[in-house]
Structures are given as C-alpha cells and as structure tokens.
Amino acid sequence: MPELPDVEVFRRYLVSTSLRKKIRDVTVRHNKVLGNVSARKLHDALLGRSFVATKRHGKHLFVRFEKGAWLAMHFGMTGYLRYFTDQDPEPKYDRVVFAFAGRGQLGYYSLRLLGRLDLVADPEREIARLGLGPDALDPALDLATFRARLGGGRAIIKAALMKQQAIAGMGNIYSDEILFQARIHPATRVGDLGEAQIKTLFRVMQRVLRKAIECEAEPARLPKSWILPRRSTREPCPRCGTALARLRQGARSAYFCPRCQPAS
DNA sequence: TTCCATGTTCCGCA
DNA sequence: TTGCGGAACATGGA
C-alpha cells in the first residue's frame, strides 16, 4: 500500500530491523525491478557493507550504506519490505533479498514488479531528476507554497493532489481520504476552490497523513470515521450513511460521499 | 470468466 | 501549454 504513510512505515521498519548489519549477500531474483543498476553492480556495491541511514521523500525511500552511495527504493502498487530470519524456501515475490551476517534477511517484495531499486549518489539529485515537489509532510511546506503548487485553475483537484511533481506523497487512496475529510468533491477544479477550502485541504492533508503513519498505515487501525477502509466494501459513508459513490478518472477510481462532498 | 487493484510513464488528443 | 483518457506493465483476488 505504498503511498507516503506506507513508505514512512517501511522506512521505520527498515531502521528497526536492518540498520548496521553487515550485508553478506544480495540476491536479485528478478531483474525487472532494477533501474539502471545491474544485479552484479548492486551486489558488489553492498557486499560487506551496512545500511546506515535512511531518508524518505514522498513515496521514495533512500537508504545510505557505508562508504558508498544510496539505495533508492520505490514500491509501485504492490511493494513492501519484509524481514525474516528463517530459511524461507520459496520467497516467491521477494524480488531482491539482502542477507545479513547471521540469519536475518530483508526482502524487497514486489508482486506486480512495478517498483524499482536503484543506486544513486545523492538523494537530492535524484529527487530533482524526478522533478518531485516538496514532501507532503515537509515541515517547511507552508500554505502559500501548497496553494501555488496545486497549480492553475483548470486541473482537477484529485489529480492535482496525486501529482508527484506538485506535492510528493499522495496517491489514489489518501487523496480520496483527504478530499472526504475536507468535504470536497474529487472532480472539483482547483480554480473553483475558495481560499478557505484550500486552507482546509492543507490542514487535512497533514492531519490525515500523520494519523495514518501513527496507525502504521493499517486500514483496520485507522479511525472509524475514515472512508479509506470502506472503499470496495460497500459500506456507507461513516458520517451520514449515504452509499459511497465511485467516479472513474482514467484507470483510477475515486471513492467519495455524494452527500458530504457535493459537486460544486 | 470478468473486473478491479495503493504507481508511473508514454502516447494521442482537445 | 496544460491536462486528461487510455494503455501498458504483471499478477492475484473477488
């Protein structure tokens, strides 16, 4: 479930399981998840070293290793990290496995192969290369910048929130939650939003993302008042009981409450 | 069997 | 120029 909260949870997970452990082997089980780096280069760069620091920007996770560069991780739609100590006989979707001295191993799981691993010299340069906007939870991100980055009036707010080059970190799921809590219809044009609505969106965005991290991005642990766990369960709006509606935007579906989020 | 799925990127079109 | 729809990627679940 890799949007900003999920990736932050992965980052903390990596810190608690895999930092400062000597890497004794790197196994690439599917080349598709490698970006520019080859399996051999990745192996050689990490062998005998340890992960020592992490940084997250939007949905991207960077892991610095000793005397080297950074491992850049992106998770696509179905990626996550899992640490295991047993001898897993068939780690079917752990596309890359980092084995540490001793028994621990960190698996980069990616069922649909939509994620990417790469080596980069400097996260800031990589963030610039990708043209990513500021991280949605960057303490330096203020209301004026948020408003400016949402862009001109013609864009649709749901798409604008998900645009990584504007603000990095929100995807289909969390943009739905944020719009629901801000009571804004997902198809509203940015230009049709009032100043008060922009301000609400900004505050709700920070509140939702922070709360999700606090709940470790587990749907079952999120507040009952959220719609996130209700997408595709046919449950009604937790606020007013109205049946949730689905709006298709391209290949994506926006779930919303037609009563709490009326079209403007 | 058919539809849907948390992301990104690319193409065509308005 | 901006932004959207749709496809593609690869696989599983309902």
Side-chain angles (χ1 to χ4, degrees), chain A residues 1-11 29-36 56-61 72-82 90-96 108-118 126-127 129-133 135-136 148-180 186-193 205 208-209 212-213 215-222 226-235 244-256:
Chain A
M1 303 141 240
E3 296 183 31
L4 187 154
D6 312 276
V7 178
E8 176 61 20
V9 171
F10 299 164
R11 187 191 71 75
R29 309 186 71 253
H30 203 308
N31 281 307
K32 183 88 200 290
V33 299
L34 297 182
N36 294 314
R56 182 192 55 73
H57 187 104
K59 303 171 187 174
H60 294 260
L61 175 59
M73 306 178 131
H74 190 274
F75 298 91
M77 279 209 288
T78 55
Y80 59 88
L81 298 173
R82 67 183 194 116
E90 196 84 35
K92 202 172 172 189
Y93 302 113
D94 294 287
R95 310 302 190 172
V96 179
Y108 170 85
Y109 178 106
S110 182
L111 186 150
R112 285 171 64 185
L113 302 173
L114 298 175
R116 290 295 176 269
L117 284 188
D118 222 330
E126 180 65 3
I127 290 162
R129 187 184 71 78
L130 294 164
L132 300 179
D135 183 81
R149 298 207 67 100
L150 284 183
R154 296 219 312 276
I156 286 168
I157 186 59
K158 164 102 170 146
L161 289 176
M162 289 195 288
K163 187 172 176 180
Q164 303 303 298
Q165 289 70 32
I167 308 278
M170 286 169 282
N172 202 32
I173 297 276
Y174 283 96
S175 59
D176 273 0
E177 187 64 48
I178 291 161
L179 288 167
F180 170 70
T188 310
R189 303 238 171 228
V190 175
D192 292 337
L193 293 173
M205 173 186 80
V208 164
L209 297 176
I213 292 168
C215 298
E216 295 183 304
E218 284 180 37
R221 293 182 54 187
L222 295 173
W226 287 26
I227 62 164
L228 193 158
R230 301 186 173 222
R231 66 191 292 124
S232 75
T233 63
R234 289 183 183 173
E235 282 179 279
L244 295 180
R246 191 177 76 166
L247 182 67
R248 305 215 57 163
Q249 287 177 337
R252 290 270 140 350
S253 292
Y255 287 86
F256 67 104

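Because only heavy atoms are used, hydrogens play no part in the values below, and waters and symmetry mates are left out as well, while side chains stay in. Chain identifiers are assigned alphabetically (A, B, ...) following the order of the sequence lines, protein sequences preceding nucleic acid strands; residue numbering begins at 1 within each chain.
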Once Watson-Crick and G-U wobble pairs under 3.5 Å are found, how is DNA chain B written in dot-bracket notation, 5' to 3', with | for any base paired to another strand?
.||||.||||||||
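Atom NE2 of residue A/H60 and atom CD of residue A/Q164 lie 6.5 Å apart, to the nearest 0.5 angstrom. Of the inter-residue distances, the one linking A/E235 atom CD with A/R230 atom CZ reads 4.5 Å to the nearest 0.5 angstrom. To the nearest 0.5 angstrom, A/I213 atom CD1 is 5.5 Å from A/L4 atom CG.
In this structure, A/D118 contributes its side chain and A/N36 its backbone to a donor-acceptor pair below 3.5 Å. Between the A/R116 side chain and the A/G76 main chain, no donor and acceptor come within less than 3.5 Å of each other. Under a 3.5 Å cut-off, the side chain of A/H74 and the backbone N or O of A/L114 do not form any donor-acceptor pair.
Distances shorter than 4.0 Å separate none of the side-chain N or O atoms of A/H74 from OP1 or OP2 on B/dG7. Contact annotation: A/Y255 side-chain N/O to B/dA5 OP1/OP2 distance is under 4.0 Å. Phosphate contact (OP1/OP2 of B/dG7, side-chain N/O of A/T78, threshold under 4.0 Å): absent.
Atom-to-atom, CZ of A/R149 to P of C/dT2 comes out at 14 Å; the value is rounded to the nearest Å. The nearest whole Å value for the distance from the CG atom in A/L247 to the P atom in B/dC4 is 14 Å. One can place CZ of A/F75 at 19 Å from C1' of B/dA5, the figure rounded to the nearest angstrom. B/dT8 atom P lies 13 Å from atom CZ of A/R129, rounded to whole Å. When rounded to the nearest whole Å, the span between CD1 of A/I213 and C1' of B/dT6 equals 15 Å. Look at CG on A/L222: it is 16 Å from P on B/dT6, rounded to the nearest Å. Counting to the nearest Å, the C1' atom of B/dT6 and the NZ atom of A/K59 are 8 Å from each other.
Closest approach of A/N172 to A/R231, counting heavy atoms only: ND2-NH2, 3.4 Å. The two residues A/I156 and A/P186 come nearest to each other via the heavy atoms CG2-O, 3.2 Å. Residues A/K158 and A/S175 come closest through the heavy atom pair NZ-OG, 2.8 Å. Scanning all heavy atoms of the two residues, the minimum distance from A/F75 to A/K59 falls at CD1-O, 4.4 Å. Contact record, A/I227 with A/F256: CD1-CA, 4.5 Å, taken as the closest heavy-atom pair. When all heavy atoms of A/P2 and A/F10 are compared, the pair lying nearest together is CB-CE1, 4.1 Å.
B/dT6 and C/dG3 have their C1' atoms separated by 23 Å, given to the nearest Å. Here, B/dT8 and C/dT1 have their P atoms 25 Å apart, quoted to the whole Å.
Residues satisfying the side-chain contact (heavy atoms from CB on, under 4.5 Å) test with A/R11, not counting sequence neighbours, are A/E8, A/V15, A/T54, A/R56, A/L61. The ring pair (Phe, Tyr, Trp, His ring centres under 6.0 Å) check on A/Y109 picks up A/Y80, A/Y93, with sequence neighbours excluded.
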Could you list, one pair per line, each protein nitrogen or oxygen that sits under 3.5 Å from a nitrogen or oxygen of nucleotides 12-14 of chain B, together with the distance?
none

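Across all strands, A/Y109 comes closer than 4.0 Å to no nucleic acid atom at all (heavy-atom distances).
Using a 4.0 Å cut-off on heavy atoms, the residues of residues 161-170 of chain A that approach DNA chain C are A/K163, listed by number.
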For nucleotides 4-11 of chain C, give me one character per nucleotide, 5' to 3': B if any protein heavy atom sits under 4.0 Å from the base, S if the only such contacts are to the sugar-phosphate, - if neither.
SS---BBB
